Amino acid sequence: MPLPVLETRYSFFTGKGGVGKTSLSCACGLGLADSGRKVLIVSTDPASNLSEVLGTELGSDPTAITGAPGLYALDIDPEAAARDYRERMVAPYRGILPEAAITSMEEQFSGACSVEIAAFDAFAKLLGVPGATSAFDHVIFDTAPPPAIPAPADAAFGVERVHRLFHWRWLVPRATRRTGATEGTLCGNGGASG
Ligand SMILES: Nc1ncnc2c1ncn2[C@@H]1O[C@H](COP(=O)(O)OP(=O)(O)OP(=O)(O)O)[C@@H](O)[C@H]1O
Ligand SMILES: [Mg+2]
């Protein structure tokens with residue numbers, strides 16, 4: 001199978017579970033690094049297996065991949081991003097508000113929705129903050145599979161799912177258009193979403 005030629009600085013590999021997003025992100029990243037480019041692969045998947053696939057333990061900062069000069073990768077860690085986000089929100093009030101109010105604020109910023117927002121905040125920084133990825137010629141996003149669209153009567157249709165749908169159906173497509181990114185929508189076993 002010929003690899004897609006990634007000519008833009010940002011690329012997104014999207015699609016339903018198991019279609020080959022991670023495999024192709026890594027294959028394309030390796031191909032670009034082999035041709036002398038400096039490449040960063042970013043996993044936005046909370047259940048990332050990028051460390052296993054690349055054979056190098058990853059964190060939330062770019063890590064050089066063993067045996068692949070020019071190739072770097074990171075995992076966005078939603079829990080760590082949520083802890084940083086919570087601390088940024090609460091820290092200015094420590095020593096000013098009563099301890100009970102601080103505890104209450106920490107609880108407010110500890111829900112599933114806060115974790116989603118914090119992870120998106122980390123993702124948006126890599127796209128939007130000048131200098132965040134300026135050391136790299138290419139940034140490849142290996143994304144999480146999108147949620148199945150639930151039937152309206154589904155009682156579990158909650159804020160978190162609305163947020164995830166907003167993220168994948170509205171924000172990511174617009175981010176790819178605004179940055180001129182290539183979006184690798186992968187098809188397999190009946191076609192992928194993305
Ligand atoms: N082009 C391909 N041909 C055959 N098998 C493939 C191909 N690409 C990936 N696979 C296999 O399919 C499985 C899933 O691949 P991969 O983990 O890359 O998918 P994914 O879309 O990232 O999955 P997830 O949605 O769970 O993150 C793996 O076992 C991988 O080896
Ligand atoms: Mg994957």
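What you see is a predicted model; the values in this text were computed from it and never measured. First listed ligand is number 1; within each ligand, the first listed atom is number 1.
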>> For D45, which part has a heavy atom under 4.0 Å from ligand 1: side chain, backbone, both, or neither?
In response: side chain
> For ligand 1, which atoms have a heavy atom of G17 less than 4.0 angstrom away?
Replying inline: 25 (O)
> Just how far is it from atom OG of S43 to atom CZ of F13, taken to the nearest 0.5 Å?
Replying inline: 13.0 Å
> Within less than 4.0 angstrom of ligand 1, does G18 place any heavy atom?
Replying inline: yes
> Using 4.0 Å as the upper bound for N to carboxylate O, is an ion pair formed by E87 and R94?
Replying inline: yes
>> Please tell me whether T56 and T66 have a donor and an acceptor in their side chains that are separated by less than 3.5 angstrom.
In response: yes
>> I'd like the name of whichever of P145, G15, S23 reaches closest to atom 8 (N) of ligand 1 through any heavy atom.
In response: S23
> Which class fits the ring pair F141 and F123: parallel under 30°, tilted 30 to 60°, perpendicular over 60°?
Replying inline: perpendicular
> Are any of the N or O atoms of V19 closer than 3.5 Å to those of ligand 1?
Replying inline: yes
> When rounded to the nearest 0.5 angstrom, what distance separates NZ in K21 from SG in C26?
Replying inline: 12.5 Å
> Are H138 and R37 linked by a side-chain donor-acceptor pair shorter than 3.5 Å?
Replying inline: yes
>> Around the Mg ion (ligand 2), how many protein N, O or S atoms are found at less than 2.8 Å?
In response: 1
>> For A100, is there any backbone N or O sitting under 3.5 Å from a side-chain donor or acceptor partner on S104?
In response: no
>> Checking the N or O distance criterion of under 3.5 Å, is ligand 1 in contact with T22?
In response: yes
> Centroid-to-centroid, Y72 to F136, below 6.0 Å?
Replying inline: yes
>> Quick check: closest heavy atoms across A33 and P69, and the distance to 0.1 Å?
In response: CB-O, 3.7 Å
